[in-house]
Every structure is written in C-alpha cells, then in structure tokens.
Chemist: 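Below you will find the structure I want to go over with you.
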Amino acid sequence: MKKTLRYNYRLNPTPEQEAKLVEFGATARGIWNLLLSENMRRYEHDKTFLFYKDMASLLKDIKTFEEFNWIKAFDSAAAQQVARDLELALKNVFTKGRLQRFPKHKISYKKKKLHNDSFRAVNNSNCIRIENGAISIPKVGKIPIILHRKLASKIKTVTIQYHHGKWGCSITQEVECKTAKQVLKTITGFDINSKQTVVGSDGFVVDNPKFLKQSKTKLNQLQRQLARRTKGSNRWQKTKQRINKLHGKISRQRLDFAHKISRQITNENDILVFEDLNVKGMQKFNGSMVADNVMGLITQLSKYKTELEGKLYHEIGRFEKSTGVCSECGQHHVLTLNDRYFTCTACETYQSRDLSAAKSIAKTGELDLIAAGIVARVPPHISAEISH
C-alpha cells in the first residue's frame, strides 16, 4: 500500500526569483478571487456553481482578452490547481458532517502588509526536478534548495509559500508502507493531558515543554514595543515581522517535538491506543494550553507513522470514561483537575490519575479491537512457539 506524504524544505531564492514567486503567489490569489466571484454571481443568477472542468475552460477562454494577460504569465497547471482547491472548498460547504463555511475572497498583499500567498505546481512530464542543489519550478527557474533529507520517491506536486519570513516548499511524494505485522507483541494506551504531554500505560512519560511559555517574556516585550509604534510606519512593520518570526520559531519547536515523540512511541510499540479528543472544544476552554501541548498533532503524526511501519493505531470512543478509573479493579471515581493522585474506594490502591487513565485506555482499546475481529489474543504457549 502506498501513502502520499508531504516533506518540507527551505528555499534560498535570488532577489529576481523572489520577486517572481511573490508575483505568482499574487496571481494564484487573483485567480481564486476571480473564480469565486464568478461562482457567487452564477449562484445568485440560477442557483448553480461552476466546478473544476467549467472553471478550467473559463480560465482558458479569458486568456484571449487583453485585461487577463496576467494569467498568461502564470503556469497553467498551477492555475488548474487553484480551480481544484476552490471546487473542493465549495463541495465541503455542502457535505454533511463538515463544519466548513463558504469560501472567502483572499486579502491582497498591500492591505495585509504580509505576503503569505502560495501556489502549487504539478510535476507534468518531469518538469519539476532537483539537480545540483536546486529545484526547477515551471516559469520560475532553478531555485536553490536546502535538501536536508533525500527524496523518498518521484515528486508529485510542489507548494511554494512564504511563511514566517522564510521561503519554503512542500513536496508531495508517494511512500510505500511496510507489510502489516502478523504478530503484534505490545499494546500501549496513551493519555494526553495538560500537565504531561503523553503518559503511556507502560510508564512512558513526557512532560510538556511549554514552548510558548519559554518565549513569553520576549513575546510580551515585542508586543508592548509594537503598541508604542505608529501603525503602518517602518518601525511598526519591522516589529511586526519580529513577532511573526518568533511565532514561527515556536511553531517549529512544537512540530519538531511532536515528530520526535510520535516517532519514539511508534518505534517502541506495536499497537497504539489514543483517545478521540475533541481538540476544538478544548481550545475554547483554554486555547493556548492546548496549542502549546500539541494534543491533536501528536495523534495525527502517530497515526500515519504506524501505518508506514505496518503497525496498528486505534482511537477509543470520545465518550468512553478513562479518567478516574481504577487500573486494578475498574472502579469509577469523580476527580477534579487538582487531583493528580487518588486512592481507589474499592481496592484502596493509591495510583496516579494519568497512569490509571492510560491503562484504562489500553484495556478499552484492546477490547474494541478484539470485538471488531482485528486482533486476537494468543495463549502464552502458542506465543512462545511463534517467537521461536
């Protein structure tokens, strides 16, 4: 089985190439706004929308007009990708189970004072390739790239974006997953909470590094400095960029931490069991804490890593009780957020709140997998024969 993955690399374009990338990003934004306006006009007229084929033919037809010469300079395959993105956004609005709003027009660079536009190029006829430390992009040229890891397979698409003061590209490739393991020896439940990032049923504990808190002093200083500047002045713009770069550093620290933890728990276990956390609901309660603890990110990364390794990932139901459940007898208790340890009222076992929750998640996940027929317990004597 193959899985499409995305790998991020840093770019070092020349001033001429950077100007071209900014222009192409603005063109992609202009095509989005043009097609969205046409869809809104069409819906007001006869309650219908334009989809990919109609939008692609519309782009082809309007190139003949002089006022749309700016589309001619743009890569035609990249323009078609904008149409595909808009089609997907329109379909998601009317898909049941999706809480997505109607697409909006994208803000211009001059109004926003921050060009974070992006565009996606498609590798048709091997037009995108990496040679001699540079990646060739249609109608842009060869851009120097920091290739910190080798390519896994052939390039499918490349998305170029200016993010947090740096140019980068996101390359999609197809990666072959390992054959699914027939014998799974270990099953571990993981509890994610505010105090520790991850607590495993096998005793694995990772504390929350709180990267936002580490940079809070510097961030507060820059924000106070920004408040004293005249809005729109050169000094205001420089301070704004410094704040943006600091936020970029925090997000990269979080992503690096999440990748390392998810890789470690994937390598050490055969079956991973997590809770189906309502991250959006938790963010309404304490958004900065949830974001700083990378709650949702660790589960996402662990899921695709287990699939690549041929292992098993499972999430128990969102409303399954795990906190306050005794790991020895299964007695339920009502705990407050301050109760990090408790004594079971039935068997009088003194235990950690988070460790008992992780063990409860592991037991519930194991029962779910057995009931679904995905795994089966093997008696000890048969297990010894298999291992030999």
Side-chain angles (χ1 to χ4, degrees), residues 3 5-10 146-150 152 161 163-166 168-171 175 186 188-220 222 242-283 285-309 311 313-315 322 337 340 352-355 357-358 361-362:
K3 191 172 183 65
L5 295 182
R6 190 178 293 274
Y7 297 93
N8 297 322
Y9 298 92
R10 185 71 58 79
I146 301 175
L147 204 65
H148 62 274
R149 64 183 298 169
K150 293 182 179 179
Q161 185 177 21
H163 200 52
H164 296 304
K166 302 288 184 181
C169 68
S170 184
I171 301 176
V175 180
T186 57
T188 310
F190 295 95
D191 178 62
I192 298 177
N193 56 74
S194 58
K195 189 172 179 62
Q196 285 93 15
T197 299
V198 176
V199 177
S201 58
D202 58 352
F204 177 77
V205 178
V206 178
D207 290 327
N208 184 1
K210 298 181 180 178
F211 294 113
L212 179 63
K213 192 173 182 179
Q214 291 178 21
S215 302
K216 196 68 177 175
T217 304
K218 183 66 175 176
L219 189 61
N220 289 343
L222 289 173
R242 291 178 67 188
I243 293 173
N244 190 25
K245 288 181 180 179
L246 183 57
H247 278 298
K249 177 186 175 183
I250 295 168
S251 67
R252 289 191 297 272
Q253 286 177 322
R254 289 172 176 170
L255 183 61
D256 178 66
F257 171 73
H259 269 296
K260 288 177 179 176
I261 297 303
S262 60
R263 172 50 61 191
Q264 183 178 352
I265 62 180
T266 302
N267 290 346
E268 294 176 355
N269 303 281
D270 290 338
I271 304 176
L272 280 65
V273 184
F274 283 87
E275 289 179 288
D276 180 18
L277 295 173
N278 182 13
V279 178
K280 284 189 177 180
M282 297 171 72
Q283 283 177 333
F285 171 69
N286 192 343
S288 60
M289 180 273 293
V290 173
D292 217 19
N293 205 18
V294 291
M295 288 185 172
L297 189 58
I298 284 182
T299 56
Q300 291 174 14
L301 297 178
S302 300
K303 186 175 182 179
Y304 92 81
K305 283 179 170 63
T306 51
E307 291 176 359
L308 287 178
E309 296 297 326
K311 298 181 179 181
Y313 175 92
H314 179 69
E315 287 185 354
S322 59
L337 289 174
R340 308 313 303 178
S352 166
R353 164 205 186 108
D354 304 320
L355 183 59
I361 291 169

Chemist: Where is the tightest heavy-atom contact between A258 and L297, given as atom of each residue plus distance?
Modeler: CB-CD2, 3.7 Å

Chemist: Carefully, step by step, assess I271 and T306 under the rule side chain to side chain contact (heavy atoms under 4.5 Å, CB included).
Modeler: CA-CA 8 Å; I271 304 176; T306 51; over 6 Å; no

Chemist: Are the side chains of R340 and D354 in contact, using a 4.5 Å heavy-atom criterion?
Modeler: yes

Chemist: Is the shortest side-chain heavy-atom distance between L301 and H259 below 4.5 Å?
Modeler: yes

Chemist: Compare every heavy atom of A362 with every heavy atom of G189, then report the nearest pair and how far apart it is.
Modeler: N-CB, 3.5 Å

Chemist: Before you tell me yes or no, could you show the steps for I192 and T299 under side chain to side chain contact (heavy atoms under 4.5 Å, CB included), namely the whole-Å CA-CA distance, both residues' side-chain angles and the distance that decides it to 0.1 Å?
Modeler: CA-CA 9 Å; I192 298 177; T299 56; 3.8 Å; yes

Chemist: One pair to check against side chain to side chain contact (heavy atoms under 4.5 Å, CB included): L246 and L222. What are the steps and the verdict?
Modeler: CA-CA 10 Å; L246 183 57; L222 289 173; 4.1 Å; yes

Chemist: Flag the pair I261 / V198 as yes when at least one side-chain heavy-atom distance between them is below 4.5 Å, and no otherwise.
Modeler: yes

Chemist: Can you find a pair of side-chain heavy atoms, one from T197 and one from F257, that are under 4.5 Å apart?
Modeler: yes

Chemist: Does K303, at its NZ atom, have more than 12 non-hydrogen atoms belonging to other residues, nucleotides or ligands within less than 6.0 Å?
Modeler: no

Chemist: Heavy-atom distance under 4.5 Å between the side chains of L212 and L219, does that happen here?
Modeler: yes

Chemist: For F204, what residues pass the ring pair (Phe, Tyr, Trp, His ring centres under 6.0 Å) criterion, not counting sequence neighbours?
Modeler: none

Chemist: Go through the structure and list residues passing salt bridge (charged side-chain N to carboxylate O under 4.0 Å, His left out) with E315, not counting sequence neighbours.
Modeler: none

Chemist: K166: what forms a salt bridge (charged side-chain N to carboxylate O under 4.0 Å, His left out) with it, not counting sequence neighbours?
Modeler: none

Chemist: Could you check whether any side-chain heavy atom of S322 comes within less than 4.5 Å of a side-chain heavy atom of E275, counting everything from C-beta outward?
Modeler: yes

Chemist: Name all residues meeting the ring pair (Phe, Tyr, Trp, His ring centres under 6.0 Å) criterion together with F190; count only those two or more places apart in sequence or in a different chain, and write none if there are none.
Modeler: F274

Chemist: Rounded to the nearest 0.5 Å, what separation is found between the OG1 atom of T188 and the CG atom of D270?
Modeler: 8.5 Å

Chemist: Should R263 and E268 count as an ion pair when the cut-off is N to O under 4.0 Å?
Modeler: no

Chemist: When you look at Q196 and V199, which way does the side chain to side chain contact (heavy atoms under 4.5 Å, CB included) test go after all the steps?
Modeler: CA-CA 7 Å; Q196 285 93 15; V199 177; 3.7 Å; yes

Chemist: Quick one: does I361's side chain get under 4.5 Å of S201's, heavy atoms only?
Modeler: no

Chemist: Would you please test H164 and K249 for side-chain hydrogen bond (donor to acceptor under 3.5 Å, both in side chains) and show each step?
Modeler: CA-CA 8 Å; H164 296 304; K249 177 186 175 183; over 6 Å; no

Chemist: Salt bridge (Lys or Arg N to Asp or Glu O under 4.0 Å): which pairs involve residues 207-218, sequence neighbours left out?
Modeler: none

Chemist: Is there a donor-acceptor contact under 3.5 Å from the side chain of E309 to the main chain of T266?
Modeler: no

Chemist: Could you tell me the separation between the CD1 atom of I250 and the NZ atom of K245, rounded to the nearest 0.5 Å?
Modeler: 15.0 Å

Chemist: With no hydrogens and no angle check, is any side-chain donor or acceptor of K3 less than 3.5 Å from a backbone partner on E307?
Modeler: no

Chemist: Tell me whether K260 is salt-bridged to D256, with the criterion being a basic N under 4.0 Å from an acidic carboxylate O.
Modeler: yes

Chemist: State the CG-OG distance between N8 and S170, to the nearest 0.5 angstrom.
Modeler: 4.0 Å

Chemist: Any side-chain to backbone donor/acceptor pair from Y9 onto R149? Under 3.5 Å, distance only.
Modeler: yes

Chemist: Within a reach of under 6.0 Å around CZ of R242, are more than 12 heavy atoms found that belong to other residues, nucleotides or ligands?
Modeler: no

Chemist: For R353, check salt bridge (charged side-chain N to carboxylate O under 4.0 Å, His left out) against everything at least two apart and list the hits.
Modeler: none

Chemist: With rounding to the nearest 0.5 angstrom, report the CD to OH distance, Q300 to Y313.
Modeler: 8.5 Å

